[in-house]
Each structure stands twice: as C-alpha cells, then as structure tokens.
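Notes follow once the structure below has been shown.
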Amino acid sequence: MAWYAYCIAERQAFPELCRHRRPMPLTGVSGLFGNQTFLFPASDLAVIVSEHTAEDSARLDQQAARDHARVVADCFKLSTVLPFRFGTTFADDDALRRSVRSNQRHFMANVERLRGKAEMHLKVVVDDTCPGNSSRNMTVGQQYLTSLRESATRQRERQSKARALSVQMHRMFLPIAEEITCKRMESGKMLLDIAHLIDNKTVERYQNKYTSATHELKECRMQLSGPWPPYHFVHRSNTQQHNA
C-alpha cells in the first residue's frame, strides 16, 4: 500500500500509539480526497499519512494542496509537526520506515528545536523608491548602458530599503528566527514577505505588536496571518534572504 505523507509529529502526542506498532486511524481528520488519515508509528515519531493510489497523483490540484495544509494545521493543534512538501508519497510501509530511520537524528533535532514554536506570516507592501527609467534624447547604445546602470542602482536601493524595513520589523517583533523575501510587484510597489518563528506563548503579544506597527508604519500596507505550523523553518534554523 502506497502512502501520501502530510507531516511528522511526536508519537507521545498520540496516546493511542502507545501499545501499537501498526498504523492507527487518526479520528476527526480527513485527508486528500476525503481519505482516512492514519498515524504511522516510527520509533519516537509518528507520520501522518493516508492511502494513495497511482490515480491520485493525477488529481493533486490546488484543492488537494489546501487539504494537505489543512491536515498539517489540524495535527499542529496536537503536536509539534514537521510538514512534508505537498505531493510527498512513499511506495509502501518499508519505504516509509526506511526514510524515517535514515533521517531519524535530523527529524528529532528539528522536533526539539521547533517544539512549542509557531510561524507568523507578514506581508508588507511599500512604495518603490525608484520606479522607472528616465527618458532622455540618447542613442540606442547610450540608452542601453544608462538603462543597465539605472537598473543596478534601483536594485541596490530596493535592497537597501528592504533591509532597513526588515531590521525595523525584527526590532518590533523580536522573532526567534525569520525568513524574508522582497520583490517588486507589477503595480510598482515592493512586497516584503516575512515569516517569523515565535514561541506559542507569545502569539497574543505578537498580534498586539502588529496592531501597533500598523499605526506606526503608515506608509506600509500590512497583512498578518497565523499562527501556522513552522513551514519555513523545518529545513533551516535561521534564515534571512532578500530578492529584489
């Protein structure tokens, strides 16, 4: 039997696994295509799975992606989770056990690191500091070289503004870890996509800081979501990245 995998969780969070070595139904949580989810025990871990067929692979659409995220979120209410990427499957029981066994130390270290943590997601939209090329009466060659120089200057200025704003956000929210990307939108504005890793106990305080930030940073349009499972922090400990 092939398995579709949603996430890894702590076995101790599910008392029904204490005396069982075979997969047990996870009550109250339906998987992709309405399939029953199971707790697949593997040493000190449990893998949340559902049965998977070859035909199911052709049905992995946006709704399936939403259902994948829903299952991970439901399990996050019960345990520390390490989400699998959407579309992760294992051919049979042995393939699943081998994968967990070969990565056991890595998985356990991540469970320890992320226990009691959650991810908050901020989207921050600001005006671009340097929107476009200036038009001058130049030859084609001059226009090309000038365009290259202006493009490089704009990119440096965007990165500088993104770094300054992300530092300001860091000082406001004081996350344990963060991942930040920056891109220019078609509207000409800049979008900072910020993932913050925080302690579960500080969610309310984080939300209060967000309210304060929306009043303080009036030049920014901000949107907050979470708490979520720590998707951005499963494979890394502390990352900050800027892409203009």
Side-chain angles (χ1 to χ4, degrees), residues 6-9 28-32 48 60-88 110-111 113-128 161-187 189-244:
Y6 300 91
C7 59
I8 290 173
V29 180
S30 60
L32 268 61
I48 286 74
L60 296 179
D61 54 12
Q62 289 185 346
Q63 180 58 51
R66 287 191 289 269
D67 287 337
H68 175 102
R70 173 182 51 76
V71 172
V72 176
D74 285 344
C75 294
F76 181 57
K77 299 173 185 176
L78 306 171
S79 168
T80 304
V81 296
L82 307 179
F84 281 109
R85 289 185 174 88
F86 174 61
T88 299
N110 274 334
V111 166
R113 179 172 57 85
L114 297 173
R115 183 178 289 118
K117 309 295 191 304
E119 178 177 317
M120 303 298 285
H121 195 189
L122 277 170
K123 288 184 179 291
V124 184
V125 177
V126 294
D127 289 331
D128 196 340
K161 182 172 183 178
R163 278 191 291 270
L165 189 53
S166 65
V167 167
Q168 190 173 8
M169 292 292 177
H170 182 91
R171 289 173 177 168
M172 282 183 173
F173 292 99
L174 297 175
I176 298 169
E178 61 189 3
E179 180 174 300
I180 303 172
T181 58
C182 174
K183 65 180 180 180
R184 188 167 184 261
M185 303 168 67
E186 292 183 1
S187 63
K189 296 182 181 295
M190 284 200 314
L191 170 65
L192 265 70
D193 208 319
I194 304 173
H196 280 163
L197 184 69
I198 67 169
D199 194 294
N200 277 333
K201 298 176 182 177
T202 65
V203 169
E204 185 175 353
R205 184 170 65 187
Y206 188 100
Q207 293 168 333
N208 291 336
K209 289 180 179 178
Y210 168 76
T211 301
S212 299
T214 57
H215 290 101
E216 184 175 336
L217 302 174
K218 296 188 181 299
E219 74 278 12
C220 301
R221 189 168 77 249
M222 303 172 63
Q223 181 180 349
L224 173 66
S225 64
W228 302 111
Y231 281 100
H232 287 84
F233 304 97
V234 170
H235 303 290
R236 55 188 68 86
S237 58
N238 192 357
T239 303
Q240 181 170 331
Q241 178 181 353
H242 298 282
N243 296 318

Checklist entry - Any side-chain heavy atom of Y210 sitting closer than 4.5 Å to one from F173? => result yes
Checklist entry - Which atom pair, heavy atoms only, marks the closest approach of C75 to I48? => result SG-CG1, 3.6 Å
Checklist entry - Would Y6 and F84 count as a close aromatic pair, with their ring centres under 6.0 Å? => result no
Checklist entry - What is the distance from atom CG of L174 to atom OH of Y206, rounded to the nearest 0.5 Å? => result 10.5 Å
Checklist entry - How far apart are the C-alpha atoms of R113 and N110, what are their side-chain angles, what is the distance that settles it, and do they pass the side chain to side chain donor-acceptor pair (under 3.5 Å) test? => result CA-CA 5 Å; R113 179 172 57 85; N110 274 334; 2.5 Å; yes
Item to check | Geometric class of the F86/H68 ring pair [parallel <30°, tilted 30-60°, perpendicular >60°] | outcome: perpendicular
Next on the checklist: Within the 4.5 Å heavy-atom criterion, are M120 and S225 side-chain neighbours or not?
Outcome noted: no
Checklist entry - Could you give the distance from OG (S212) to CE (M172), rounded to the nearest 0.5 Å? => result 8.5 Å
Next on the checklist: Determine whether D67 and Q63 satisfy the following criterion, side chain to side chain donor-acceptor pair (under 3.5 Å), listing intermediate values before the conclusion.
Outcome noted: CA-CA 6 Å; D67 287 337; Q63 180 58 51; 3.1 Å; yes
Checklist entry - Is any side-chain heavy atom of L217 closer than 4.5 Å to a side-chain heavy atom of M169? => result yes
Checklist outcome for this item: In this structure, NZ of K209 is separated from OG1 of T214 (nearest 0.5 Å) by 14.5 Å
Next on the checklist: Can you give me the closest heavy-atom contact between V126 and C220, atom names plus distance?
Outcome noted: CG1-SG, 3.2 Å
Next on the checklist: Looking at every heavy atom in both V81 and A9, which two are closest together, and how far apart are they?
Outcome noted: CG1-CB, 4.4 Å
Next on the checklist: Looking at R66, I'd like to know if its CZ atom is crowded, meaning that more than 12 non-hydrogen atoms belonging to other residues, nucleotides or ligands lie closer than 6.0 Å.
Outcome noted: yes
Checklist entry - Does a side chain donor of either E119 or H196 reach within less than 3.5 Å of an acceptor in the other side chain? => result no
Checklist entry - More than 12 heavy atoms of other residues, nucleotides or ligands under 6.0 Å from CZ of R115: is that the case? => result yes
Next on the checklist: Looking at every non-hydrogen atom in both residues, tell me the closest pair between L32 and A64 and how far apart they are.
Outcome noted: CD1-O, 3.8 Å
Item to check | Sub-4.5 Å side-chain heavy-atom contact between F76 and C7 | outcome: no
Checklist entry - Do L82 and F233 have side chains that get closer than 4.5 Å, going by heavy atoms? => result no
Item to check | Spacing of CG belonging to L224 relative to CG belonging to L122, to within rounding of 0.5 Å | outcome: 5.5 Å
Next on the checklist: Side chains of V124 and L191, heavy atoms from C-beta outward: is any pair under 4.5 Å?
Outcome noted: no
Checklist entry - Would you find more than 12 non-hydrogen atoms of other residues, nucleotides or ligands less than 6.0 Å from E204 atom CD? => result no
Next on the checklist: Rounded at 0.5 Å granularity, tell me how far CG in D193 sits from CD in E179.
Outcome noted: 9.0 Å
Next on the checklist: I need the K117 NZ to N200 CG distance, nearest 0.5 Å.
Outcome noted: 8.5 Å
Checklist entry - Do the side chains of P83 and V72 get nearer than 4.5 Å, heavy atoms only? => result yes
